[in-house]
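These numbers were taken from a predicted model, which means no experiment stands behind them. So that the names make sense, note that chain A is the first sequence line, chain B the second, and so on, each numbered from 1.
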Protein chains: 2
Amino acid sequence: MNVMNESPRRKELTRLAAQLFVQEGFDRTTVRMLAQEMGIKSGSLFHHFRDKQEILAAVIEEGTQNALAMARRALTECGPTAEARLRAMARAHLETLLTDRNAHVVALYEWRRLDAEARAHLSHLRDAYEALWEEVIDAALAEGLIHGDRFLVSRFVMGALNWTVRWYDPRGPRSPDDLADELVAMITRGAV
Amino acid sequence: MNVMNESPRRKELTRLAAQLFVQEGFDRTTVRMLAQEMGIKSGSLFHHFRDKQEILAAVIEEGTQNALAMARRALTECGPTAEARLRAMARAHLETLLTDRNAHVVALYEWRRLDAEARAHLSHLRDAYEALWEEVIDAALAEGLIHGDRFLVSRFVMGALNWTVRWYDPRGPRSPDDLADELVAMITRGAV
DNA sequence: GTGTCAACCAAGCAAGCGCTAGTGTAAACG
DNA sequence: CGTTTACACTAGCGCTTGCTTGGTTGACAC
């Protein structure tokens, strides 16, 4: 039982699990379904993961790590103005939501299924990510780009962005960057 | 088995079920847990509901009906300007989210557990509710109060509002009306 | 050629699941 | 009065669940 490693096999299994968790939900996804999707028998699954919950934690961790990395990279590559940084964060957020869609949907819907230990660990990751947002929003407030309550603005923005997983269709006419730009326009000027 | 009635007993049971569904999630809530919470034995539960799924449908229907009624009332009681109507809708939305919190959390998280029949029925209700929003947002666009894409604006607003169930604490300093006003301010002017 | 080790399998256990069948009872109805 | 109706009970069927156990396989090391 090689529990805590990060073997490529385990990563691939995690990716498959994320897909099933989205399709069926965590509780309705049985270890037998997971095993079948992975091309192994249900017992073999417990060679890679201690229990079913650990699979869930692995899925969420993977998605959150990627989101954090992508946001950090976006902030180093964008311009220095508050608007550029705001736009970069929104674009990065939607890009993650799209490329790691399964993992993020699982994180949004199945967070409460985590046990206390996993939840504590992953909360730190999420807090680090949200801290990036608050920093960028603080700067935008200071520059007078946006107005209002720091706490409320960041919550509203996160809500608007995360809600996209419910309706956004990547095959439609709008690109993720379009969405990000329109959202930034909406809160900075009420203009397009 | 008095399946389709709206007895007060059934309403009370639905309310209790909503609470358990929020605490545990639909799949993890067993009929035995539901029965115990209701002070009856598990078998007796099926006198009031055809099956477990029907309880879920009842919970969501209750919440959606209330939201629809509340929004309609708010629209008749508010002023005629686009801004007044926008604010009224936002306030009504948050008020529902608060008073029927359990039912709405269930609707947001457990929608996919509905069978096809119930989903079709409830989709109509939800569409009726969202039509109210689009109508109000269309008017605000026409009046030049807000700008941008009609579809995107309504999705962003719904996202920001619905996300509140994840973080809003009614015991805190902010009233639901404060939130609604701040959101309207954010999208109409970027101002407080 | 013997030892090690990750990866996997076959078989199954104990617990719990949604739901049904059949019955009892007290109030409401004709 | 007898009948119906609403609501609850007991008992348990048939099945699925997450997970364990004990053992096999094949690649690589020394």
Nucleotide of [options] approaching [X] most closely (side-chain heavy atoms):
{"X": "Asp51(B)", "options": "dC19(D), dC19(C), dA8(D)", "result": "dC19(C)"}
{"X": "Phe46(B)", "options": "dC19(D), dG18(C), dC8(C)", "result": "dG18(C)"}
{"X": "Ser44(A)", "options": "dC19(D), dC9(C), dC7(D)", "result": "dC9(C)"}

Distance flag, aromatic centroids of Tyr109(A) and Trp111(B), threshold under 6.0 Å: no
At a heavy-atom distance below 4.0 Å, what parts of residues 30-39 of chain B sit against DNA chain C? Thr30(B), Val31(B), Arg32(B)
What is the distance, rounded to the nearest whole Å, between atom [atom1] of [X] and atom [atom2] of [N]?
{"X": "Phe26(B)", "N": "dC17(C)", "atom1": "CZ", "atom2": "P", "value": "13 Å"}
{"X": "Arg28(A)", "N": "dT16(D)", "atom1": "CZ", "atom2": "P", "value": "14 Å"}
{"X": "Leu13(B)", "N": "dA8(D)", "atom1": "CG", "atom2": "C1'", "value": "12 Å"}
{"X": "Gln53(B)", "N": "dG18(C)", "atom1": "CD", "atom2": "P", "value": "12 Å"}

Verify, without hydrogens or angle tests, whether [X] (side chain) and [Y] (backbone) share a donor-acceptor contact under 3.5 angstrom.
{"X": "Glu182(B)", "Y": "Asp149(A)", "value": "yes"}
{"X": "His124(B)", "Y": "Ala120(B)", "value": "yes"}
{"X": "Asn162(B)", "Y": "Met158(B)", "value": "yes"}

In short, Val153(B) meets Gly148(B) closest at the heavy-atom pair CG2-C, 4.4 Å
Lys52(B) NZ/CZ over Phe26(B) ring centroid, <6.0 Å and within 45° of normal: yes
Pick base, sugar-phosphate or nothing for Lys41(B), based on heavy-atom distances below 4.0 Å to the nucleic acid. base
